[in-house]
Amino acid sequence: MKNLTKLLLAAGIFSITACSSTVVVPPTPEVHVLDRAYNGVVPCADCSGMDVTVLLEGDGTYVMQRTYLETRDGNQTFFETGTWAKDGEKLRLTDTAGQRAYYDPQDKSLVMLDIDGNPVKSDLNYTLKMVKPVQLKGEYRYMADAATFKDCQTGVVYAVPGNIGLEQGYGKLGVEGGKPVYLEVEGYYTIRPSMEDGQFDQALIQTGKSVLDKSRGCQ
């Protein structure tokens with residue numbers, strides 16, 4: 001997967017506010033262009049619904065997460081990677097095994113098509129909507145070239161891949177590596193390949209301005 005390091009290096013110039021305990025990291029407009037994430041719950045024959053997340057990247061690759069909800073063995077999650085391309089007015093996704101899937105790109109959404117690329121003949125909802133950035137609050141930490149974000153509300157920990165602006169801002173605060181600092185950031189959660197082959201991480205993508213504050217925390 002193509003990461004965003006070069007883009008963030010170009011745009012990740014941060015400024016120190018009047019308060020020395022805070023650092024402001026400006027928005028990186030290019031992020032949401034390269035990382036288009038879509039999510040929705042679509043019908044499932046053997047479960048209560050299939051929660052699907054698709055991340056389309058600017059280099060023509062994609063990551064998909066499918067979670068089969070309330071199966072006899074509980075929720076079952078599977079990941080898929082491959083390439084995507086335009087096929088006329090449709091979007092064609094080809095996984096690593098050569099299997100194809102088709103989607104109809106509409107205004108800020110993707111509508112699943114059948115295996116031949118035709119509309120599904122059903123009154124059920126097969127739409128994945130573009131994930132909207134929101135204001136997130138949590139604790140950010142950076143150590144040994146790895147950054148994480150712990151959501152204050154849920155306690156879930158997310159990877160923060162390739163965000164040079166936040167890494168530099170964290171260093172500017174002068175805290176010991178690995179110490180959590182409070183972070184308010186506009187962005188969204190999605191999925192990313194992890195550093196381990198075949199593994200995937202839940203990840204935070206920044207789309208707007210963020211503020212790091214070493215004097216605060218989730219509590």
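Numbers here simply count residues along the sequence, with the first being 1.
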Any side-chain heavy atom of D95 sitting closer than 4.5 Å to one from Y62?
-> yes

Do Q199 and D201 get their side chains close enough for a donor-acceptor pair, meaning under 3.5 Å?
-> no

If two hydrophobic side chains count as joined below 4.5 Å and joins carry through other members, does Y68 share a cluster with L124?
-> yes

Of S48, C47, C44, which meets side-chain contact (heavy atoms from CB on, under 4.5 Å) against T71?
-> C47

Distance only, no hydrogens: is a donor on one side chain within 3.5 Å (strictly under) of an acceptor on the other, for N125 and T127?
-> yes

Going hydrophobic residue to hydrophobic residue with side-chain gaps under 4.5 angstrom, can you get from M143 over to V160?
-> no

For the hydrophobic clusters of this structure (ILVMFWY residues joined by side-chain heavy atoms under 4.5 Å, transitively), does one cluster hold both V42 and M64?
-> yes

In this structure, which one of D51, T190, V52 forms a side-chain contact (heavy atoms from CB on, under 4.5 Å) with N39?
-> D51

Looking only at non-hydrogen atoms, find the nearest pair between Y158 and A203 and report the distance.
-> CD2-N, 3.9 Å

Report yes or no: do V175 and V25 belong to one cluster of Ile/Leu/Val/Met/Phe/Trp/Tyr joined by side chain heavy-atom distances under 4.5 Å?
-> yes

Do you see a donor-acceptor pair shorter than 3.5 Å between the side chains of Q168 and Y170?
-> no

Salt bridge check: are E80 and R66 linked by an N-O gap of less than 4.0 Å?
-> yes

How close do R92 and K86 get, heavy atom to heavy atom, and via which atoms?
-> NH1-O, 4.3 Å

With a 4.5 Å limit on heavy-atom distance, are the side chains of R141 and K179 in contact?
-> no

In terms of heavy-atom contacts, Y188 and A37 come closest through CE1-CB, 3.7 Å

Quick check: are there more than 12 heavy atoms from other residues, nucleotides or ligands sitting under 6.0 Å from NZ of K90?
-> yes

Take L166 and L212, measure what side chain to side chain contact (heavy atoms under 4.5 Å, CB included) needs, and give me the verdict at the end.
-> CA-CA 8 Å; L166 284 176; L212 291 160; 4.2 Å; yes

Hey, does S210 have a side-chain heavy atom less than 4.5 Å from the side chain of V24?
-> no

Could you go through the side chain to side chain contact (heavy atoms under 4.5 Å, CB included) check for L91 and L110 one step at a time?
-> CA-CA 9 Å; L91 200 65; L110 295 177; 4.0 Å; yes

Within a strict 4.5 Å, meaning less than it, do heavy atoms of the F149 and Y189 side chains meet?
-> yes

Would one find more than 12 heavy atoms of other residues, nucleotides or ligands at under 6.0 Å from atom CD of Q135?
-> yes

Do T53 and L128 come within less than 4.5 Å of each other through their side chains, counting heavy atoms only?
-> no

Between F79 and F200, does the ring centroid distance fall short of 6.0 Å?
-> yes

State, without any angle test, whether T207 and E186 hold a side-chain donor-acceptor pair at a distance under 3.5 Å.
-> yes

Report the hydrophobic cluster partners of V41, with the cluster defined as I, L, V, M, F, W, Y residues connected by side-chain heavy atoms closer than 4.5 angstrom, directly or transitively.
-> L69

Derivation and outcome, side chain to side chain contact (heavy atoms under 4.5 Å, CB included), residues Q106 and K129 | CA-CA 9 Å; Q106 299 183 3; K129 295 184 177 180; over 6 Å; no

Flag yes if L93 and M50 sit in one hydrophobic cluster, no otherwise; membership is Ile, Leu, Val, Met, Phe, Trp, Tyr, and two members link when side-chain heavy atoms are under 4.5 Å apart.
-> yes

When rounded to the nearest 0.5 Å, the distance separating CG of L204 from CG of N163 is 8.0 Å

Is a side-chain donor or acceptor of E57 paired with a backbone partner of D59 at a separation under 3.5 angstrom?
-> no

Could you verify whether a donor N or O on one side chain and an acceptor N or O on the other, from Q76 and E70, lie under 3.5 Å apart?
-> no

Would a 4.5 Å heavy-atom cut-off, applied to side chains only, mark L55 and R192 as touching?
-> yes

So CD of E167 and CG of D145: to nearest 0.5 Å the spacing works out to 7.5 Å

Donor-acceptor pair between T67 and T77 side chains, under 3.5 angstrom = yes

Salt-bridge criterion met for E139 and R216 (N-O under 4.0 Å) = no

For D151 and G155, indicate whether the former's side chain and the latter's backbone hold a donor-acceptor pair under 3.5 Å.
-> no

Sequence neighbours excluded - disulfide bond (SG atoms under 2.5 Å apart) pairs with any residue from residues 73-190 = C152-C218

To which residues is L113 joined in a hydrophobic cluster, defined by side-chain heavy-atom contacts under 4.5 Å among Ile, Leu, Val, Met, Phe, Trp and Tyr, whether direct or through other members?
-> Y102

Determine, step by step, whether V185 and Y140 satisfy the side chain to side chain contact (heavy atoms under 4.5 Å, CB included) criterion, reporting the C-alpha distance in whole Å, the side-chain angles of both residues, the deciding distance to 0.1 Å, and the verdict.
-> CA-CA 10 Å; V185 57; Y140 175 89; over 6 Å; no

For S215 against D213, the heavy-atom pair lying closest together = OG-OD1, 2.6 Å

